[in-house]
Amino acid sequence: MTTAEETGTPDLTAIRTLADVVRVHAAERPDAPALVAGDRSLTFGELDARSSRAAHALAGAGVGDGDRVAFIDKNGLEWFEVTFGLAKLGAVNVSVNWRLAAPEMAQIIDDAGAEVVVVGPDFVPHVERIEEGLARVHTVVAIGGHDRWIDYEDWVAGQPADDPGVVAAGDDVAFQLYTSGTTGLPKGVMLTHDNFFAGVGDIAAQWRFTTDSVNIAMMPMFHIAGAGWSMVGLVHGCRTVVLRDIDPAAVLAAIPAYGV
C-alpha cells in the first residue's frame with residue numbers, strides 16, 4: 001500500500017472540517033500557493049490569515065455558531081475567504097444563485113434566515129431592490145464598495161489575523177445550497193462537514209490529486225459542482241486557479257498557462 005508521503009498527497013485524516021483545510025495547510029506549508037484569480041493570488045498562509053480576518057469581521061456583525069450568511073457574486077477570492085471564515089466560526093455559507101431575479105434571491109435569503117449578505121458589484125442592484133423586504137438582514141457588505149453599505153476590503157483588512165479557534169463537529173452544517181426549485185420554491189440542502197469529507201475521501205484516489213497538481217475552479221460556487229470541486233483541490237493542498245465564470249476562451253488559455 002502506498003503512503004501519503006509517497007504519493008505526495010496530504011494525510012486527509014487531519015482535515016475533518018472546512019476550517020481544517022486552511023488551518024492544516026497553513027501550518028505545514030504556509031508559502032505554498034493556494035488560489036490564483038486573475039492578477040491576484042494567495043498562499044495557504046495568506047488564505048488562513050485572510051479567512052481569520054473575515055471570521056472576526058463576521059463575528060463583529062453578530063455571526064456565530066450555526067448562523068447563515070448569504071453570498072451573492074461570481075467566483076473570486078472573496079468567496080473562499082468568507083467560506084473559510086464562516087467555518088472558523090461554525091457558521092454556514094449560503095451561496096445564492098446569481099442567475100436568479102432579485103425577488104427569487106430574496107426568497108432564498110429569507111428562507112435561510114440569513115442576517116448578513118455579502119454581495120459583489122454585479123449584483124448590487126439586485127440587493128438594492130430587495131433590501132427593504134429582507135426581514136432579518138441587518139448588514140450588507142459590498143465587494144468593491146458602496147455609498148451606504150460596508151466595503152468588503154475595509155471590513156476584512158481592519159481585523160486581527162488570529163484564528164477564532166472554533167472547532168466544528170462533523171455533523172455541523174458547512175454549506176446550505178439551494179435546489180433549482182423545479183417542484184416548487186428552491187429548497188435549502190444542508191451539507192455537513194462529514195457529508196462533504198466522506199465524498200472527498202471516497203473519490204479522491206480516482207482524481208489523483210497531489211500537492212503538485214493544479215486545479216481549475218470555474219463552475220458557480222452556488223452549486224456543489226463548483227463549491228465541491230474547488231474544495232477538493234484545496235483539501236489536497238494544490239494550487240487552484242479560479243475563473244470568475246465559464247468562458248471557453250479563458251478556460252483554454254488557463255490550462256496551458258498554469259499547467260492545469
Side-chain angles (χ1 to χ4, degrees), residues 10-30 34-35 42-71 77-96 109 112-118 136-141 143 150 152-177 188-201 221 224 227-228 230-232 234-237:
D11 179 7
L12 299 188
T13 61
I15 300 177
R16 298 172 181 267
T17 70
L18 289 184
D20 290 338
V21 175
V22 286
R23 285 169 173 162
V24 169
H25 287 297
E28 296 180 358
R29 312 163 55 248
L35 298 169
L42 292 172
T43 65
F44 277 101
E46 290 167 338
L47 179 57
D48 185 43
R50 290 279 296 183
S51 62
S52 289
R53 294 184 193 277
H56 284 289
L58 289 158
V63 176
D65 184 40
D67 290 336
R68 270 63 172 167
V69 169
F71 188 97
L77 300 185
E78 293 85 1
W79 184 86
F80 294 90
E81 294 171 358
V82 170
T83 298
F84 289 125
L86 288 167
K88 289 180 175 182
L89 296 174
V92 182
N93 180 315
V94 179
S95 294
V96 179
I109 294 167
E115 298 183 11
V116 175
V117 176
V118 180
R136 298 188 61 176
V137 172
H138 55 71
T139 301
V140 180
V141 181
I143 299 168
I150 302 165
Y152 176 83
E153 187 57 37
D154 292 343
W155 188 59
V156 170
Q159 301 296 327
D162 58 297
D163 193 317
V166 175
V167 179
D171 58 358
D172 287 341
V173 178
F175 290 111
Q176 185 164 318
L177 303 177
V189 178
M190 294 180 285
L191 186 68
T192 69
H193 296 277
D194 281 349
N195 291 153
F196 178 75
F197 285 101
V200 170
M221 300 300 170
I224 190 60
S230 66
M231 284 293 168
V232 169
L234 291 172
V235 166
H236 288 79

Could you report the tightest heavy-atom contact between [X] and [Y], atom names first, then the distance?
X: Ser52; Y: Lys88; answer: OG-NZ, 2.8 Å
X: Asp67; Y: Gly64; answer: OD2-N, 2.7 Å
X: Ala54; Y: Glu81; answer: CB-O, 3.7 Å
X: His193; Y: Leu18; answer: ND1-N, 3.2 Å
X: Ile109; Y: Ala70; answer: CG1-CB, 4.0 Å
X: Val24; Y: Ala14; answer: CG2-O, 3.6 Å

Does any part of the side chain of [Y], heavy atoms only, come nearer than 4.5 Å to the side chain of [X], both counted from C-beta?
X: Val116; Y: Arg68; value: no
X: Leu35; Y: Trp79; value: no
X: Phe44; Y: Leu234; value: yes
X: Met231; Y: Phe84; value: yes
X: Thr83; Y: Met221; value: no
X: Pro30; Y: Thr43; value: no
X: Val63; Y: Glu115; value: no
X: Ile15; Y: His25; value: yes

So does Arg16 get a backbone contact from the side chain of Asp20, meaning a donor-acceptor N/O pair under 3.5 Å?
yes
Would you please classify the geometry between the Phe175 ring and the Phe196 ring as parallel, tilted or perpendicular, with 30° and 60° separating the classes?
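Phe196 and Phe175: perpendicular rings.
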Side-chain atoms of residues 156-169: list all donor-acceptor pairs with protein atoms under 3.5 Å, sequence neighbours left out, distances to 0.1 Å.
unit_1 : atom_1 : unit_2 : atom_2 : d
Asp163 : OD1    : Arg23  : NH2    : 2.9
Asp163 : OD1    : Gly165 : N      : 2.7
Asp163 : OD2    : Arg23  : NE     : 2.7

If the condition is ring-ring contact (aromatic ring centres under 6.0 Å, His included), which residues does Phe80 pass it with, not counting sequence neighbours?
none
Could you pull out all residues at least two apart from Glu78 that satisfy salt bridge (Lys or Arg N to Asp or Glu O under 4.0 Å)?
Arg40
Checking Thr192 against Asp194: is there a side-chain donor and acceptor pair closer than 3.5 Å?
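The criterion, which ignores hydrogens and geometry beyond distance, is not satisfied for Thr192 and Asp194.
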Rounded to the nearest 0.5 Å, the OG atom of Ser51 sits from the CG atom of Leu77 at a distance of 12.0 Å
